[in-house]
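Written below as structure tokens is the structure these notes are about.
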Amino acid sequence: MAGLVQRTARSIDEMWRSVWHDSSRGEKLVVAVFLLVTGLAIPVVPIVWLARLVAY
């Protein structure tokens, strides 16, 4: 079970990095505004932070 949690956390971390680190400034701005407008920033950001802690 711990392996599944860690693999899931790594997948979330890799997805976040591919979306966030490989994007231009404009694309990052669009993603950030979308998350804030839809209210998804509240649940998404802590999940990503937690996944990064578990992944490594």
Side-chain angles (χ1 to χ4, degrees):
M1 184 66 168
L4 176 63
V5 170
Q6 191 167 21
R7 285 193 310 270
T8 303
R10 279 192 188 140
S11 297
I12 292 170
D13 184 47
E14 289 172 7
M15 183 226 21
W16 181 256
R17 286 176 190 246
S18 71
V19 168
W20 199 251
H21 294 289
D22 296 338
S23 301
S24 69
R25 184 177 293 182
E27 291 169 334
K28 289 178 187 178
L29 181 63
V30 169
V31 170
V33 168
F34 174 77
L35 290 175
L36 290 173
V37 168
T38 60
L40 291 174
I42 295 168
V44 169
V45 173
I47 290 169
V48 170
W49 287 341
L50 182 61
R52 294 188 85 181
L53 288 174
V54 172
Y56 300 100

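Position 1 is the first residue of the sequence, and the numbers go up from there. Note that the structure is predicted; figures quoted are calculated from it, not measured. Note: hydrogens, waters and symmetry copies are ignored here, and every other heavy atom, side chains too, is used.
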task: Find out if a path of hydrophobic residues (ILVMFWY) with successive side-chain heavy-atom gaps under 4.5 Å connects V31 to F34.
output: yes

query: Mind checking what makes side-chain hydrogen bond (donor to acceptor under 3.5 Å, both in side chains) contact with R10, not counting sequence neighbours?
result: none

message: Going by salt bridge (charged side-chain N to carboxylate O under 4.0 Å, His left out), name the pairs with one or both residues in residues 25-34, residues two or more places apart or in two chains.
response: none

statement: Between A9 and A51 the two heavy atoms that sit nearest each other are CB-O, 3.4 Å

